[in-house]
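What follows is a short report on a single structure.
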Amino acid sequence: MLVQLRNKLNLTPKVFFLCCAIFSVSCSYAKDLGTHGPVFPIAEENLLEVIHRKLLHLQKTGNIEVINKQIQKRVKKSAQEPKAIHHLPCAEKDHSRLFDPSITLPEDITDHEGKIFIKGGTKVNPLDYVQWRNPVVFINGHDEDQVSWAEYQKGKIVLVEGKPFEIHKRLQRWIYFDQGGIAVKRFSIKALPTRITQKGKRLFIEEIDLNERGV
């Protein structure tokens, strides 16, 4: 029987008997540890049923209204004053630099038919395709001097922190917010206010010292 098994597994005699020896040693050390505590079948409770049951409990106890009001309050506060990611200082001197917005594509760009029209690794400058038509001004909405200065600036006003609805009501202009601090990170903005305009195929970034301008 062992010979038939060895032939079926296609093992050499030496390897076969080595495996048998290892198996026999392992079996000699095996031990029945018995049963400790009650054994239950594994059953995963449906998540939707859990949520539904908790909602019914909250509704019966009247706590669901309290939770709804708490959620509404948090959403309203978040909309009125979004979370600021960056807390940038006021510019202490005028400073300007040119910024190349080009990006290197990590992979091929294909059309709806799967044909490659831009190969991965290609360097692309967005300003070859779109124009940065109006200046974009980044300010701290909590700084009265920056808000007053931005009121007379052309283009878009972007808050790095502050309350966009209040400033919109005051200036009667559309106010944007740098959600997640993406723009500050992308353009490496270090101080406020900062103004960005287009200069050829690059962006002209200015940090502006309001004290020097008498604001």
Side-chain angles (χ1 to χ4, degrees), residues 75 77-215:
V75 171
K77 182 179 180 181
S78 178
Q80 290 177 337
E81 186 172 5
K83 182 180 179 181
I85 302 300
H86 302 282
H87 303 282
L88 301 179
C90 296
E92 295 182 350
K93 63 179 180 179
D94 287 347
H95 177 73
S96 62
R97 56 190 168 88
L98 288 172
F99 178 84
D100 182 358
S102 299
I103 58 173
T104 301
L105 299 178
E107 56 188 25
D108 296 341
I109 303 297
T110 59
D111 61 18
H112 64 285
E113 296 180 345
K115 295 180 181 179
I116 299 174
F117 62 90
I118 304 180
K119 290 190 68 64
T122 302
K123 191 174 183 180
V124 178
N125 187 340
L127 296 178
D128 289 333
Y129 306 94
V130 295
Q131 299 296 308
W132 191 284
R133 298 185 181 280
N134 298 307
V136 178
V137 174
F138 292 83
I139 65 170
N140 181 345
H142 294 308
D143 188 311
E144 177 60 30
D145 290 340
Q146 292 186 35
V147 175
S148 297
W149 173 81
E151 183 176 1
Y152 299 98
Q153 302 302 307
K154 295 180 179 179
K156 297 178 180 178
I157 299 175
V158 179
L159 300 187
V160 174
E161 54 183 303
K163 300 179 179 180
F165 286 105
E166 286 188 8
I167 297 176
H168 162 71
K169 186 176 180 180
R170 171 181 167 181
L171 303 185
Q172 292 298 300
R173 291 172 59 178
W174 283 107
I175 303 296
Y176 301 85
F177 194 94
D178 185 18
Q179 293 280 1
I182 295 174
V184 165
K185 184 178 180 180
R186 169 64 175 151
F187 300 118
S188 299
I189 297 174
K190 304 298 182 184
L192 299 173
T194 288
R195 179 169 54 205
I196 302 180
T197 53
Q198 183 175 346
K199 195 170 186 178
K201 296 300 182 182
R202 292 189 286 181
L203 296 176
F204 186 59
I205 301 178
E206 305 170 86
E207 293 175 6
I208 298 166
D209 178 8
L210 296 182
N211 290 327
E212 188 174 305
R213 295 169 186 246
V215 176

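Between W149 and F138, the distance separating the two ring centers is not shorter than 6.0 angstrom.
No side-chain heavy atom of P89 sits under 4.5 Å from any side-chain heavy atom of K190. A heavy-atom distance below 4.5 Å is found between the side chains of F187 and L203. Here the side chains of V136 and R195 are not in contact, with every heavy-atom distance at 4.5 Å or above. With contacts defined as side-chain heavy-atom distances shorter than 4.5 Å, the pair L210/I208 qualifies. Counting heavy atoms from C-beta outward, L159 and I175 have side chains that approach closer than 4.5 Å. For the pair P101 and L127, the minimum side-chain heavy-atom distance is below 4.5 Å.
In terms of the side chain to side chain contact (heavy atoms under 4.5 Å, CB included) criterion, residue partners of L105 (sequence neighbours excluded) are, by chain and number, I103, I109, I118, V124. With sequence neighbours excluded, no residue forms a side chain to side chain donor-acceptor pair (under 3.5 Å) with E151. Take S102 and apply the side chain to side chain donor-acceptor pair (under 3.5 Å) test, not counting sequence neighbours, and it matches D100.
At least one donor-acceptor pair closer than 3.5 Å links the side chain of W132 to the backbone N or O of N134.
Separating the CZ atom in R186 from the CG atom in D178 is a distance of 13.0 Å, to the nearest 0.5 Å. The NE2 atom of H86 sits 10.5 Å away from atom CG of L192, with the distance rounded to the nearest 0.5 Å.
The two residues E92 and D209 make their nearest non-hydrogen contact at O-OD2, 3.1 Å. Annotation for C90 and A191: closest pair C-CB, 4.2 Å, computed over non-hydrogen atoms. Of all non-hydrogen atoms in P164 and F177, the two that sit nearest each other are CD-CD1, 4.3 Å.
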